[in-house]
Every structure is written in structure tokens, then in C-alpha cells.
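Here's the structure we're looking at; comments come further down.
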Amino acid sequence: MTYCGHCGEDLASGDHARCRDRLTMEPPRFCTHCRRRMVVQVVPRGWSARCVEHGVLTG
Amino acid sequence: MSKNGDHVSSILQTARTQVLAEGRGLDRDQLVEILQLPDEDVPALLELAHEVRMAWCGPEVEVEGIVSLKTGGCPEDCHFCSQSGLFQSPVRSVWLDIPELVESAKQTAKTGASEFCIVAAVRGPDRKLMDQVREGIKAIQAEVDINIALSLGMLTQEQVDEFVEMGVHRYNHNLEAAKSYFPQVVTTHSYEERWETCQMVREAGMELCCGGLIGMGETLEQRAELAAELAALDPHEVPLNFLNPRPGTPFGDQEVMSSADALRAIGAFRLAMPRTILRYAGGRELTLGDLGTRDGLLGGINAVIVGNYLTTLGRDADEDLNLLTELGMPIRELSKTL
Ligand code: SF4
Ligand SMILES: [Zn+2]
Ligand SMILES: [Zn+2]
């Protein structure tokens with residue numbers, strides 16, 4: 001993991017505590033490998049997030 | 001009244017007679033007084049709001065699920081919304097297909113919910129969306145026993161008529177903000193245009209669901225104004241949203257409103273509209289946390305959205321359902337809402 005799934009910034013720089021908090025209440029928007037914006041679909045009992053390069057995450 | 005019983009705010013005394021006994025909602029000026037109540041009076045406010053809800057609506061809670069049929073890329077500029085295509089929001093545009101839509105309706109029905117609301121981020125429906133919705137509704141009706149609600153933006157009379165013919169039970173279109181604050185929230189359409197769609201929906205015989213957002217930087221007077229304007233519109237259901245500041249939107253840097261203010265607002269909305277279905281909608285997890293859900297349900301709220309929202313996640317549906325059982329609040333059954 002290189003990038004923050006919430007804000008898309010480099011995980012090595014800056015404080016992402018608030019982002020981690022937010023990720024319990026919303027799906028990730030950025031791919032943590034390449035920081036592309038993912039296509040995110042939220043449904044009543046789950047979500048999926050797709051990066052064209054790195055595939056699909058679900059929760 | 002504070003717990004030790006020696007002090008009763010006069011506005012709460014007035015509300016007890018006017019709203020609880022006579023069923024007449026508070027007006028704008030009275031609501032301002034409610035929103036200004038000191039913290040120590042908030043428990044008494046919520047207690048009264050709960051009594052009002054029990055007296056005029058009963059113990060039942062309406063449960064609804066929502067899903068986004070078309071996410072993102074909206075041409076409008078509602079400053080709170082991560083789905084506007086005009087801001088640098090990380091939300092990308094995506095469509096749900098019909099099998100996923102039916103599956104979402106099934107999952108919602110399994111929770112005991114009586115309403116399933118299909119939402120699209122659009123100014124209003126175009127032909128493609130109308131056709132997609134028609135097909136989706138047909139597919140859901142063939143497989144799932146649930147009322148269908150829609151939220152697809154501003155409508156023409158022809159579109160309203162089409163939805164009635166499709167068997168749509170309820171239509172959501174929020175005022176979003178008080179008339180006096182609206183121009184600071186949206187510039188691509190007017191408050192009056194929103195009001196018009198609401199009127200058309202109601203006149204056509206669909207149930208009207210119309211609410212708004214609070215905590216967007218409005219004054220207490222404007223918050224009271226929104227409640228009074230909604231009361232004048234008299235919708236069947238009022239969803240109450242608390243701003244969840246979204247990255248990249250003009251309101252992205254706003255503070256999350258305090259839970260005391262959120263609870264005061266819940267009490268005020270109930271005292272403005274004793275008979276309406278008052279629904280906890282977006283932002284409650286952030287603003288009120290776990291305890292807040294309970295406080296709201298014991299403070300005038302009688303409807304919840306279970307499961308996830310459109311772009312953010314809700315509490316686990318089972319937690320909400322268990323809480324309702326614990327509070328002795330039965331889920332309103334489907335047959336009774338038809
Ligand atoms: S019309 Fe709806 S989807 Fe579009 S920006 Fe406004 S709130 Fe968001
Ligand atoms: Zn981050
Ligand atoms: Zn990637």
C-alpha cells in the first residue's frame with residue numbers, strides 16, 4: 001500500500017488518522033497501489049470499488 | 001422540564017398544549033426558541049417530542065432502504081453533494097444494472113423494510129433514465145414485495161403521470177435548505193423549481209417525501225424556517241439529513257454539527273410536524289454516533305434508512321433492527337403502508 005484510499009495522498013507523508021476513521025464509514029475512493037480514482041458502487045448491504053489496473057475490492 | 005422538575009422552559013409548556021394536546025405544529029418563531037434551548041433542556045425537549053410522536057404517529061417505525069441507480073456526474077451544483085460533476089470530488093460516475101437493482105431490493109426487503117427508494121444523481125430524468133427506471137420497477141415488482149419510491153430530481157407533469165402509472169408509491173424531492181438560504185447552497189436551479197415538483201407529485205396522488213439538510217452553515221432562524229416551510233408543504237415523510245462534509249465540495253471544510261444541535265433540530269422538526277414520518281437519513285452516524293440513533297428514536301424520529309446510503313456506509317442494518325426490538329418499536333408492515 002502506497003496511497004491513502006480515502007484522500008489519495010502518499011501514506012508516507014501526512015497524518016491519515018482521520019482518513020482511517022472515515023474509511024469505516026465510507027468505501028475507499030482511491031486505489032492504494034496507483035492512486036487512480038476507483039469506480040465505486042454502494043448497495044444497501046455492501047460496496048465494490050474497481051481500479052482499471054488493479055482490480056476490484058469489495059466490502 | 002429539567003429532571004428535578006423545578007424549571008420548565010415556557011416554550012416547552014406551550015408546545016405541550018399546542019402540539020401534544022392539540023396537534024398543531026409550532027411556527028417559525030416558536031421553533032427558533034426550541035433551537036435556542038440550553039443544553040440542560042434538551043432531554044426534556046426530546047421527551048416531549050417522543051410523546052408527540054407516540055400520540056400522533058404511534059410506536060411503529062418505517063424502515064427504508066435506498067440505492068443509487070446512477071451515481072455521480074450530476075450537472076447541478078448543490079454545495080453539499082459529492083455527486084455533482086462540477087466539483088473536484090473523488091466520486092466517479094457509475095450506473096447500477098437491473099439485476100443488481102433487484103438484488104438490492106431483495107436485500108432491503110429481507111430487513112423487513114416496507115420502502116425501497118431508487119435514486120439517481122440527475123437534474124431530472126431523461127428518456128434513457130425513464131426507460132431504465134420502468135424496466136427496473138417491473139423487474140422488482142415481479143420478484144420483491146416492497147413499495148417503490150423514487151428520487152430522480154425535478155419532474156415534468158408527463159413524468160409525474162408516468163410514475164403514477166408505473167405504480168410508484170412515493171417520490172422524494174427535498175427542499176434541501178430554507179428559502180432564504182437556498183441561493184447559498186444551490187445556484188443551478190431554484191427553490192421554486194423544487195417546490196413545484198413537490199406540488200405536482202402530491203397532486204398526482206403519490207406520497208411526497210420532502211426534507212432537507214441541516215448543519216450547512218445556516219442560522220438557527222433559517223433552520224427553523226426550513227422546518228416551517230416543510231410543515232407548510234405537509235409531506236408524508238420528511239427525511240432529515242445532517243451535513244457530512246464531503247471532500248472536494250464547497251461545503252467540504254464545514255464543521256460537523258454538534259450532537260446537541262442535531263438533537264435540538266430533531267425535537268424541533270417533530271414539534272413542527274406532529275404527524276409526519278420523520279426519517280433519520282444521511283449523516284446520523286457521523287453527527288450522533290451509536291448513542292445518537294437511540295436518542296433520536298426516543299426524541300421524535302419514527303423512520304430510519306437501513307443499510308448503506310448512496311455513496312457512504314450506514315450502520316449495520318442488524319444493529320438498527322435490534323435497537324428497534326429493544327425499544328419496543330415495531331417495524332411498520334408493508335400492508336399498512338399501501
Ligand atoms: S441535484 Fe442531487 S445529485 Fe445533483 S448535485 Fe444536487 S443533490 Fe447532488
Ligand atoms: Zn488520507
Ligand atoms: Zn490501481
Side-chain angles (χ1 to χ4, degrees), chain A, chain B residues 63-73 82-83 88-97 99-111 113 116-119 146 244-248 252 256 282-287 289 305-318:
Chain A
M1 279 215 306
T2 315
Y3 301 103
C4 173
H6 180 69
C7 71
E9 297 300 319
D10 201 331
L11 274 177
S13 64
D15 179 13
H16 298 274
R18 191 170 157 268
C19 299
R20 275 196 300 277
D21 230 37
R22 287 308 176 98
L23 285 172
T24 64
M25 288 184 270
E26 51 197 272
R29 292 281 161 192
F30 295 90
C31 176
T32 55
H33 302 289
C34 68
R35 79 175 294 188
R36 275 193 182 84
R37 281 193 310 155
M38 297 191 288
V39 174
V40 178
Q41 184 83 69
V42 177
V43 290
R45 303 205 88 164
W47 55 266
S48 66
R50 181 167 48 84
C51 168
V52 281
E53 189 66 32
H54 295 101
V56 181
L57 289 174
T58 56
Chain B
V63 174
E64 177 186 75
I66 59 175
V67 77
S68 179
L69 176 63
K70 185 238 169 203
T71 306
S82 64
Q83 301 202 59
Q88 290 298 319
S89 156
V91 174
R92 287 185 59 181
S93 196
V94 60
W95 283 78
L96 197 68
D97 64 24
E100 288 171 315
L101 186 68
V102 174
E103 183 54 32
S104 297
K106 280 186 190 162
Q107 294 289 340
T108 298
K110 266 196 210 156
T111 65
F116 178 65
C117 187
I118 303 168
V119 186
I146 199 157
N244 177 349
R246 307 311 305 153
V256 174
R284 74 177 147 122
E285 289 79 6
L286 184 69
T287 313
I305 288 175
V306 286
N308 294 331
Y309 300 108
L310 304 173
T311 62
T312 60
L313 309 179
R315 298 212 312 164
D316 181 40
D318 296 330

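A note on names: the letters A, B, ... follow the listed sequences, proteins ahead of strands, and every chain is numbered from 1.
- With a threshold of 4.5 angstrom between heavy atoms, A/Val43 approaches chain B through its backbone and through its side chain.
- Inter-residue side-chain proximity for B/Thr312 and A/Met25 is flagged as unmet; no heavy-atom pair is nearer than 4.5 Å.
- A 6.0 Å sphere centred on CZ of A/Arg50 holds no more than 12 heavy atoms belonging to other residues, nucleotides or ligands.
- Between B/Asn308 atom CG and A/Trp47 atom CH2 the span is 10.5 Å, to the nearest 0.5 Å.
- If you measure heavy-atom distances from B/Leu96 to chain A, the contacts under 4.5 Å come from both the backbone and the side chain.
- The candidate from B/Leu101, B/Val67, B/Val91 with the greatest count of non-hydrogen atom pairs under 4.5 Å with chain A is B/Val91.
- With hydrogens and angles disregarded, no donor-acceptor distance shorter than 3.5 Å links the side chain of A/Arg45 to the backbone of B/Gln107.
- Between A/Glu26 and B/Thr311 the shortest side-chain heavy-atom distance does not fall below 4.5 Å.
- A distance of 6.5 Å separates OG in B/Ser68 from CD in A/Gln41, rounded to the nearest 0.5 Å.
- For B/Pro90, the parts sitting under 4.5 Å from any heavy atom of chain A are the backbone and the side chain alike.
- Counting heavy atoms from C-beta on, the side chains of B/Ser89 and A/Arg29 never come closer than 4.5 Å.
- In this structure, the portions of B/Ser104 lying under 4.5 Å from any heavy atom of chain A include both its backbone and its side chain.
- Of the listed residues (A/Cys7, A/Gly59, A/Pro27), the greatest number of heavy-atom pairs within a distance under 4.5 Å of chain B belongs to A/Pro27.
- Counting heavy atoms from C-beta on, the side chains of A/Thr24 and B/Glu285 never come closer than 4.5 Å.
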